[in-house]
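In what follows, chains carry the letters A, B, and so on, assigned in the order in which the sequence lines appear, proteins first and then strands, with residues in each chain numbered from 1.
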Protein chains: 2
Amino acid sequence: MKKKADTVVYLYHNITFMETSEHDKRKCPSHLSTSECTKQLLPVKDALDILSGKWKLQIILSLTFGKKRFKQIQREIPGLTPKMLSKELKELEVNELASRHVYDTSPVTVEYELTSYGKTLRPLIGELHKWGSKHRKRIIAKSGR
Amino acid sequence: MKKKADTVVYLYHNITFMETSEHDKRKCPSHLSTSECTKQLLPVKDALDILSGKWKLQIILSLTFGKKRFKQIQREIPGLTPKMLSKELKELEVNELASRHVYDTSPVTVEYELTSYGKTLRPLIGELHKWGSKHRKRIIAKSGR
DNA sequence: CTGAATCCGCGGAGATACTG
DNA sequence: CAGTATCTCCGCGGATTCAG
């Protein structure tokens, strides 16, 4: 968890802050002012970071169907290794999209669950789905298959 | 441009097709049926592919402000090399989000422009922006800076 | 100016094995 | 079961150079 690296600070949430003093035009499209950049571009990237990647979406989708245990999720998503699952779940937790509950059984039971905040992603995913469907149809039509 | 690789076909649009015959549970979350997977997951991924990556968003954003020449775009986006810009623009073209016009001057002039189809991304980006902004505020508040 | 070609290094992710 | 540790490999993307 780095603290500072040049003019940009990365937090563990994957959120990029601009150091107001000196970032200027260097990390930002030059047709935007500094504040415009922060306002326009970064939030979109934040949202994208949450959803993109090879597994995130599938994990989120899996959790929308209810509480799941670690192994359960892994079984549902072919090819997903424990290392990756662990990493992704941590990110979801840090961003408060999923919650982790440990039950003191033996061996341990851990359940993951989408938080109510996590469920606010629904409409966004809906929009992605809407546009994606149209796009898919359009492209398939073109390539004539 | 591969044609077939196992049960999945990748086209140059980055669209993933399922071979209906045998993909079954192998490339898909097992809690979804084959058709469900195609219907639910893939379109969202399509949309995500269009927008994610280090440069795509900035390029699209740059083009929303009007026609631009190659070098012009590059100048506006710090750190963007011609190789990457070229690659990204090709993808946008292939997906019909941007169009390329060559003018027979000397040296050559090439202009890029968002297609009207490309502009249909607007609401989607708007949604990403909306959610991303909220998320950003939430996380910043938590980490108390 | 608008790219294409080449080289190369780093980090992300897979495979495998291991621990509490 | 729920992860961690270690190793390895590959490919993205940066830097640089060249061509039309």
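With salt bridges taken as basic N to acidic carboxylate O contacts below 4.0 Å, one links B:K56 and B:E91.
Every side-chain contact (heavy atoms from CB on, under 4.5 Å) that A:P82 has, sequence neighbours left out, goes to A:F70, A:Q74. Scored by the salt bridge (Lys or Arg N to Asp or Glu O under 4.0 Å) test, B:R138 finds A:E96 as partners (sequence neighbours excluded). A search for salt bridge (Lys or Arg N to Asp or Glu O under 4.0 Å) contacts involving A:K71 returns nothing, not counting sequence neighbours. Taking A:K134 as the reference, nothing meets the side-chain contact (heavy atoms from CB on, under 4.5 Å) condition, with sequence neighbours excluded. Legend: residues meeting side-chain contact (heavy atoms from CB on, under 4.5 Å) with B:R100, ordered by chain and number and at least two apart, are B:E93, B:V102, B:V110, B:Y112. For B:K90, the side-chain contact (heavy atoms from CB on, under 4.5 Å) test picks out B:S86, with sequence neighbours left out.
Residue-level contact check: B:Y103 touches neither bases nor backbone, having no heavy atom under 4.0 Å from any strand.
The interatomic distance linking B:Q74 (CD) with C:dT2 (P) rounds to 9 Å, in whole Å. Between B:K68 atom NZ and C:dT2 atom C1' there is a gap of 17 Å when expressed in whole angstrom units. Atom CD1 in B:I73 sits roughly 9 Å away from atom P in C:dG3 (whole-Å rounding). One interatomic measurement links the two molecules: CD of B:Q72 to P of C:dT2, which rounds to 9 Å at whole-angstrom precision. At whole-Å resolution of the value, CZ in A:F70 and C1' in D:dA2 are 6 Å apart. Atoms CD (B:E111) and P (C:dC1) sit 15 Å apart, rounded to a whole Å. Taking atom CG on A:D104 and atom P on D:dC1, their separation rounds to 18 Å, with Å as the unit. Rounded to whole Å, the distance from CG on A:L85 to C1' on C:dG12 is 16 Å.
Put simply, A:S86 has a side-chain N or O that comes within less than 4.0 Å of OP1 or OP2 on D:dT4. Residue B:R100 has a polar side-chain atom (N or O) positioned under 4.0 Å from OP1 or OP2 of C:dG3. Contact annotation: A:R69 side-chain N/O to D:dA2 OP1/OP2 distance is under 4.0 Å. Side-chain nitrogen and oxygen atoms of A:Y112 include none within less than 4.0 Å of the OP1 or OP2 phosphate oxygen of D:dC1.
Comparing the local axis fitted to the first five base pairs of the helix from C:dC1-D:dG20 to C:dG20-D:dC1 with the one fitted to its last five gives a bend of 40°, rounded to 10°.
From B:T109, atom OG1 reaches atom CZ of B:R69 across 4.0 Å, with rounding to the nearest 0.5 Å.
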(message) How would you summarise protein contacts on nucleotides 7-20 of chain D per nucleotide, using B for base, S for sugar-phosphate only and - for none, with heavy-atom distances below 4.0 Å?
(response) ------BBB-----
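Among C:dT2, D:dT4, D:dG3, the nucleotide with an atom closest to any side-chain atom of A:K90 is D:dT4.
Pairs of residues two or more places apart, or lying in two chains, that qualify as salt bridge (Lys or Arg N to Asp or Glu O under 4.0 Å) and include a residue from residues 120-133 of chain B are B:E127-B:K130.
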